[in-house]
Amino acid sequence: MSDYVLGISAQFHDAAAALVRDGEIVAAAAEERFSRIKHDSALPFRAAKWCLEHEGIRPDDLAAVVFHEKPLRKFERLMITQINAFPRSLEAFRRTALSWFPDKLWVRGALAKGLGIDARKVIFSDHHLSHAASAFYTSPFEEAAVLAVDGVGEWASTALFDASRNGIERLSEIHFPHSIGLVYSAFTAYLGFQVNDGEAKVMGLSSYGQPRYVDEVRKILRSSETDGITVDLSYVTYQHSATQSFSARFEQLFGPARSGDARLDITTPEGRRYADIAASLQAVAEDCVVDLANGLQRQTGRTDLCLAGGVALNSVINARLTSRTQFKRVFVHPAPGDDGCAAGAALWAWNEVLAGRRGPALTRPGLGKAWSNGEIAKLLADLDIKHTAFDDEDAMIASVVDDLVDGKVAGWFQGRFEWGPRSLGHRSILADPTRPEMTERINRKIKFREQFRPFAPAVLQGHEDAYFEMAPGTELLMPWMLGVFPVKDGARALLPSTTHVDGSARVQSVDDLANPLFQRLLIAFGRATGHPVLLNTSFNLKGEPIVTSPLQALRTFYSSELDVLYLGNFRVINTAIGKHFYE
Amino acid sequence: MNRILSSTRTANERFRTVKELFRMLRANGRWWVMPFFVIVVFLSIVLTVLQAIPYVAPFIYTIF
């Protein structure tokens with residue numbers, strides 16, 4: 001049997017490919033990193049081709065290609081839902097007809113043709129099982145309860161599992177249209193943000209508000225430990241509409257929806273109302289996940305929890321699970337959304353279909369493509385870009401520290417790009433978090449994004465407690481920046497540009513396993529300033545995928561007011577002359 | 001020759017998918033969806049063909 005299994009997720013949002021060798025993810029990438037289309041949903045042939053190239057294998061060498069869900073089951077759900085809602089579902093029906101028949105229904109043949117493999121090698125996982133496998137098989141747990149919560153897969157929106165050496169056993173599931181993820185997305189649309197993209201903005205906005213509308217949100221979304229999730233369908237329309245997710249009754253309850261084009265000013269009464277609604281939604285969503293987790297804990301008796309699905313991107317909820325449930329530890333895969341299903345599908349097939357030996361726990365996020373110093377040097381020479389070359393990484397790190405201490409904002413492009421939506425020190429924008437002006441400067445002049453959005457701190461592992469109030473059992477969230485924690489009172493003034501308005505921060509801890517070069521930078525920065533903490537945000541402009549290649553890094557660098565760029569062992573400064581040459 | 005083989009393979013794959021779909025609907029007790037499926041197939045073929053005609057495409061959205 002071949003050692004390789006390729007996982008594919010696609011056809012909704014965040015398509016991705018992940019290659020598993022002997023039970024371990026060796027290469028993984030979202031298609032958007034190659035296509036440059038944010039949340040690209042197309043079959044990820046570019047990402048898949050790169051995965052195979054990375055390992056130097058041919059398509060024939062694959063034991064199986066595993067699609068993350070069962071498209072026929074999903075199609076069945078769409079048909080039945082739209083028949084039930086006819087004629088209100090006419091527009092959704094038109095979209096289904098135009099997207100499924102020419103394309104989505106025939107995914108087996110399309111994968112076989114696109115990858116150049118025998119169609120018999122294509123097998124299908126189940127969407128929530130893929131989510132669950134992505135979390136459990138990359139966690140350090142021998143056995144765990146697994147909770148997968150997202151918008152919707154085939155029929156399920158939420159699934160509860162018990163995982164052990166014998167595999168992942170499904171205990172129960174909650175079906176569409178009762179869904180925490182879809183209700184959260186309906187509020188995202190109501191608050192004027194793009195669905196499947198703006199949910200993190202809603203979470204950021206919630207920190208500015210007070211949960212004054214909790215009772216109103218509970219009219220729509222209710223939960224209990226025994227009955228799971230229930231949605232009052234008179235407030236939502238996503239079950240029959242492809243373009244509108246909340247109803248007129250929803251607007252009667254909360255007031256008029258915000259237009260996405262209007263500037264959101266949280267100092268106005270209207271802006272505060274939206275922030276209060278976001279805070280109320282966040283509180284209710286957290287209660288729902290806590291209820292589900294408590295129910296699962298009682299059912300399984302496990303002490304460790306793996307959380308998966310798009311809702312696990314909600315770092316505020318993740319960080320509170322151990323303190324609000326009986327679980328002692330919680331783990332979330334670095335790509336908990338649909339991109340991670342590619343890894344989960346491959347890991348499920350390896351462990352449970354091919355009966356392979358379970359691989360090691362995932363410790364590093366850099367699973368994407370890298371460029372060598374030689375390739376970067378050639379690019380800089382070809383573009384005639386003035387730069388400084390360093391002989392070794394120590395000299396380069398010393399220069400970065402000097403620049404950051406000097407108040408510069410640096411682009412940081414090093415090694416393989418990250419798996420998942422976060423920049424974790426491979427494709428990052430870095431700055432000194434002790435400078436209060438950094439938040440506004442980076443939001444306004446570099447990333448061109450909303451003023452209310454916070455930045456995250458990356459901290460050297462072992463120093464978290466000096467700055468943040470960590471909940472016990474949440475350590476495994478830290479390497480992937482998937483937990484929000486209170487900043488200690490004494491540290492808020494020390495880290496003004498990474499402390500959110502409510503005194504919290506989405507913390508990333510860095511050790512030598514996760515990212516040795518970034519760890520060395522944090523050590524050097526700590527020696528220079530007394531604080532081994534950096535402001536770390538994704539290396540992209542608003543609305544664009546995170547940069548993949550050195551050329552994209554240069555484009556983003558020259559399109560913004562970043563001061564300096566470190567491409568491998570090369571330093572480029574942002575001069576008008578350089579900009580002119582690039583353009 | 002290669003093109004014919006490729007088309008045959010695609011047709012076989014699609015036939016297999018339709019068979020699996022019908023088998024699944026029957027197993028789930030949802031055989032009543034099958035006639036709708038046939039209607040949707042027919043409409044989608046019509047829509048796909050019409051959308052490929054430059055003079056007709058702009059009116060498709062309005063009509064349907």
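Here the structure is a predicted model, which means the values were calculated and not measured. In what follows, chains carry the letters A, B, and so on, assigned in the order in which the sequence lines appear, proteins first and then strands, with residues in each chain numbered from 1.
- For A/A119 against B/E13, the heavy-atom pair with the smallest separation is CB-OE2, 3.3 Å.
- Residue-environment remark: CZ (B/R26) stays at or below the threshold of 12 foreign heavy atoms within 6.0 Å.
- Within 6.0 Å of the NZ atom in A/K49, the count of heavy atoms belonging to other residues, nucleotides or ligands does not exceed 12.
- B/E20 has a carboxylate O that lies under 4.0 Å from a charged side-chain N of A/R108, or vice versa, which qualifies the two as a salt bridge.
- To the nearest 0.5 angstrom, A/E76 atom CD is 4.0 Å from B/M24 atom CE.
- To the nearest 0.5 Å, the span separating CE on A/M79 from CG on B/L21 amounts to 7.0 Å.
- Atoms CG and CD1, from B/N28 and A/I80 in turn, are 8.0 Å apart once rounded to the nearest 0.5 Å.
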>> Before you tell me yes or no, could you show the steps for B/V18 and A/W106 under side chain to side chain contact (heavy atoms under 4.5 Å, CB included), namely the whole-Å CA-CA distance, both residues' side-chain angles and the distance that decides it to 0.1 Å?
In response: CA-CA 9 Å; B/V18 171; A/W106 323 112; 3.9 Å; yes

